[in-house]
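I have placed the structure first, in the form of structure tokens, so that the comments after it can refer back to it.
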Amino acid sequence: MALVPLNLFVNHNGKSSRQHVTCRYKCGDACSKPVPNTSDNEYFGDIIRRAGAKRPGDDPARVSRRSMLQAAGVTVLAVGAGSALAACGTDEQPAATPASPPPPAEPSPGMKFTAVAPNIEDAVVIPDGYQQGVVISWGDPILPGAPAFDVKAQTAAAQRQQFGFNNDFAALLPIDGQPNHFLLVTNHEYVDPVFMFPGYDANTPTREQFDIEVAAVGMGVVEVERAPQGGLKPVMGHYNRRFTADTPFTLIGPAAGSDFVKTAADPTGRTVAGTFANCSGGVTPWGTVLSGEENFNTYFGSPEGSAAPGPVVADQYKRYGIAAKPSELKWETFEPRFDLAKTPNEINRFGYVVEINPWDPNSTPVKHSAMGRLKHEAATVYVASDGTVVAYTGDDQKFDYMYKFISSKKIQPGREVAAMANNMSILDEGTLYVAKLSSDIPPGDIDGSGKLPSTGSFSGSGTWIPLLRSGPGGQAESLVQGVTAQEAAVFTRFAADKAGATKMDRPEDFEANPKTGKIYVALTNNDDRGAPDEAAVDAANPRNDNKSGQVLEITDDHAGTSFTWDLLLVCGDPAAADTYFAGFDKTKVSPISCPDNLAFDSHGNLWISTDGNALDSNDGLFAVALEGPNRGETKQFLTVPLGAETCGPVVTDDLVTVSVQHPGEHDDNSIDDPLSRWPEGGNGTARPSVVAVWRDGGNIGV
């Protein structure tokens with residue numbers, strides 16, 4: 001293949017390989033804008049220095065922000081019309097390491113494969129002895145009568161019957177009584193019209209393009225079966241279904257029926273048209289699928305953009321990254337509900353954890369407001385020994401928070417009508433908490449370089465602070481002084497600010513280890529950590545200008561409010577002093593950068609997919625050993641094509657699947673001038689796809 005110049009990975013923010021065009025359409029270019037969280041919450045150093053020592057960069061004139069939550073009961077919220085990668089230095093003194101780490105044993109079960117080397121190939125690269133195949137791609141038919149994909153003849157009607165764009169989270173659910181048949185449930189996070197429509201003009205998108213985009217996002221259910229050669233292939237099954245940006249959803253919990261979510265089209269504030277910005281998710285023990293509405297703010301705008309909103313609404317806008325100006329997609333020019341000036345409450349109807357029942361094609365999906373409104377990356381359920389359901393979720397933005405929801409109801413086994421009715425309401429009744437972390441590590445040991453403290457590891461404890469208690473029928477009680485229950489449900493970030501939560505480095509996916517019950521959190525990156533007027537480093541976020549992220553390990557009192565934590569990985573170049581692999585020999589690990597989605601195999605190994613690799617190579621999927629002498633061993637299992645992100649890993653004993661999102665997405669390219677031709681090759685169109693990987697004649701990694 002032709003060599004790709006290294007400046008392929010030069011990014012607009014100078015940190016990761018994520019391209020500006022990706023940021024524009026995926027997250028509204030959030031990284032280039034002021035950080036929304038300007039609260040004065042304590043950081044670890046403040047907690048330790050209560051005696052009054054001043055931290056560098058403190059502004060004595062800075063005062064606590066007033067709460068925007070002064071306008072409880074307002075029916076309508078009025079608005080006006082409204083570089084080359086910096087390598088980790090290797091000339092520093094070596095970081096401290098635990099004394100005499102035990103020699104590594106042979107690779108852990110599930111990790112006995114040859115690590116894939118970092119590369120920039122326009123292909124999915126897998127270990128020797130393994131096979132791969134595309135399961136399904138953008139535009140493939142999933143409903144009866146759907147036409148074959150034709151990039152030059154797209155219609156909204158066709159897209160509603162086809163696999164959506166930019167697949168992210170994926171779940172693979174076995175179908176009872178049908179061996180080797182599964183439901184593949186996927187999120188379709190966002191659209192990038194530059195890589196969808198030949199001849200696209202960003203200044204004058206067409207009505208048909210808007211209608212196609214509405215149909216291309218959301219979620220999908222597709223039946224798949226094991227193919228004779230070992231992969232998966234789609235089936236035109238009766239479960240197949242699409243959820244789009246205008247599919248009816250029921251809003252439940254404290255926000256439902258409140259004045260913050262009522263619109264002219266829905267004066268009761270209980271029925272929402274659609275879901276979008278669906279990033280990661282989770283599978284519940286009762287067989288449903290959860291999905292997090294993340295960068296929902298990017299779909300709303302003001303065509304005129306001529307007037308700033310009032311002071312209360314301005315605070316909301318700032319805290320949620322909302323801009324009263326034309327949006328990138330310009331959906332507001334085609335439908336008034338996306339116009340902030342015409343339908344100001346519509347945006348308050350997005351940013352929730354949604355739940356779909358893939359086993360009932362006629363079911364109405366729901367949005368759970370008891371779990372709060374924020375930029376949910378995912379939602380992961382853990383069931384405590386007494387049947388209490390605990391759901392973990394991260395708010396994926398710089399300096400935002402980690403949350404968990406503890407149900408007041410117990411899970412009921414089975415899928416009978418009564419059990420499903422109980423279980424489908426579990427996430428509506430309980431208490432929402434936000435995390436506050438602390439550490440006994442001396443402040444001087446955390447200097448922003450990422451070097452290990454004198455204790456030999458980054459560790460500490462924490463508390464879950466209650467925000468909102470919800471009960472049957474939307475009854476709720478705020479647990480934050482000066483905040484109503486409805487405000488805590490709709491403007492959760494403000495309630496968490498006021499509660500004093502700990503600012504983290506982009507908390508994304510949470511996963512529970514099925515063997516130990518420990519919780520793992522991907523903290524993707526934060527190049528503003530330690531910047532002037534931003535939060536300083538702390539033991540859980542120990543690096544200034546954090547471009548490669550870390551993975552947090554939590555030992556949680558699941559149904560309680562206390563926990564301890566350790567940093568499992570401080571990601572980046574293993575040769576650099578600022579990286580850490582749980583004490584494992586760094587000369588024997590794969591480089592890993594920007595952890596995003598997490599999964600577990602049956603052996604108890606953690607699998608990590610990456611987004612925005614800052615190490616001059618394609619994103620990939622990695623396995624990490626968590627127990628025994630190999631704890632911290634990290635091996636790359638695959639890489640995805642040029643410009644792509646690795647999403648939604650599913651790891652079974654004999655199959656691995658990943659979502660390959662936005663292949664070929666690059667600032668200097670478009671669908672008319674492509675960087676990538678994957679997966680079709682030749683003159684084909686780059687298409688987001690799900691890929692399956694399996695081993696010749698055996699299980700994965702054994």
Side-chain angles (χ1 to χ4, degrees), residues 37 39-51 53-58 88 92-98 394-395 398-402 434-465 500-508 510 518-531 534-557 561-572 576-584 586 595 631-632:
N37 189 352
S39 64
D40 290 327
N41 292 354
E42 294 174 310
Y43 78 114
F44 291 10
D46 288 329
I47 296 169
I48 295 167
R49 298 185 185 96
R50 287 188 190 276
K54 182 174 179 244
R55 85 177 195 207
D58 279 349
C88 300
E92 304 173 20
Q93 292 298 314
T97 56
D395 190 348
K398 296 175 182 179
F399 301 116
D400 261 295
Y401 309 133
M402 305 187 303
V434 69
K436 187 180 184 71
L437 282 68
S438 60
S439 178
D440 292 330
I441 296 173
D445 280 10
I446 308 296
D447 62 4
S449 70
K451 71 177 182 180
L452 283 175
S454 56
T455 57
S457 65
F458 301 100
S459 60
S461 59
T463 301
W464 294 101
I465 305 171
T502 297
K503 298 179 178 182
M504 304 298 291
D505 286 352
R506 287 187 60 199
E508 298 217 27
F510 281 71
K518 291 183 179 181
I519 304 298
Y520 293 81
V521 188
L523 299 164
T524 295
N525 55 38
N526 184 355
D527 60 354
D528 280 325
R529 176 67 67 174
E534 300 295 353
V537 292
D538 55 46
N541 306 277
R543 290 185 295 192
N544 291 324
D545 188 26
N546 178 15
K547 61 183 176 295
S548 284
Q550 62 263 18
V551 176
L552 186 72
E553 180 181 70
I554 296 176
T555 303
D556 194 24
D557 177 8
T561 58
S562 62
F563 61 92
T564 59
W565 62 265
D566 297 88
L567 284 186
L568 172 73
L569 304 180
V570 180
C571 300
D578 67 344
T579 56
Y580 174 70
F581 291 78
F584 190 80
K586 297 203 298 180
R631 174 175 162 84

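The first residue of the sequence shown is numbered 1, and numbering continues consecutively from there.
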Considering all heavy atoms of both residues, which atom of Ser39 and which atom of Asn37 are nearest to each other, and what is their separation? OG-OD1, 2.6 Å
Do Ile441 and Ile446 come close enough that some side-chain heavy atom pair is under 4.5 Å? yes
Quick one: are Ser439 and Phe458 in side-chain contact, heavy atoms under 4.5 Å? no
Side-chain heavy atoms of Asp557 within contact of Trp464, under 4.5 Å: no
Shortest non-hydrogen contact from Arg529 to Arg543? CG-O, 3.2 Å
With a 4.5 Å heavy-atom cut-off, do Gln550 and Leu569 have their side chains touching? no
On a heavy-atom basis, the closest approach of Ser457 and Tyr580 is CB-OH, 3.9 Å
If we ignore hydrogens and angles and just use 3.5 Å, is the side chain of Ser449 paired with the main-chain N or O of Lys451 as donor and acceptor? yes
Taking C-beta and beyond as the side chain, do Thr555 and Lys518 meet within less than 4.5 Å on heavy atoms? yes
Would you say the side chain of Pro542 lies within less than 4.5 Å of the side chain of Leu567, judging by non-hydrogen atoms? yes
Check whether any side-chain heavy atom of Tyr401 sits under 4.5 Å from a side-chain heavy atom of Lys503, and report yes or no. yes
Specify the closest pair of heavy atoms between Ser548 and Asn525, including all atoms of both residues, with the distance to one decimal. N-CB, 4.2 Å
Heavy-atom closest pair (Phe581 atom, Gly572 atom, distance to 0.1 Å) is CZ-O, 4.1 Å
Does some side-chain heavy atom of Leu552 sit less than 4.5 Å from a side-chain heavy atom of Met402? yes
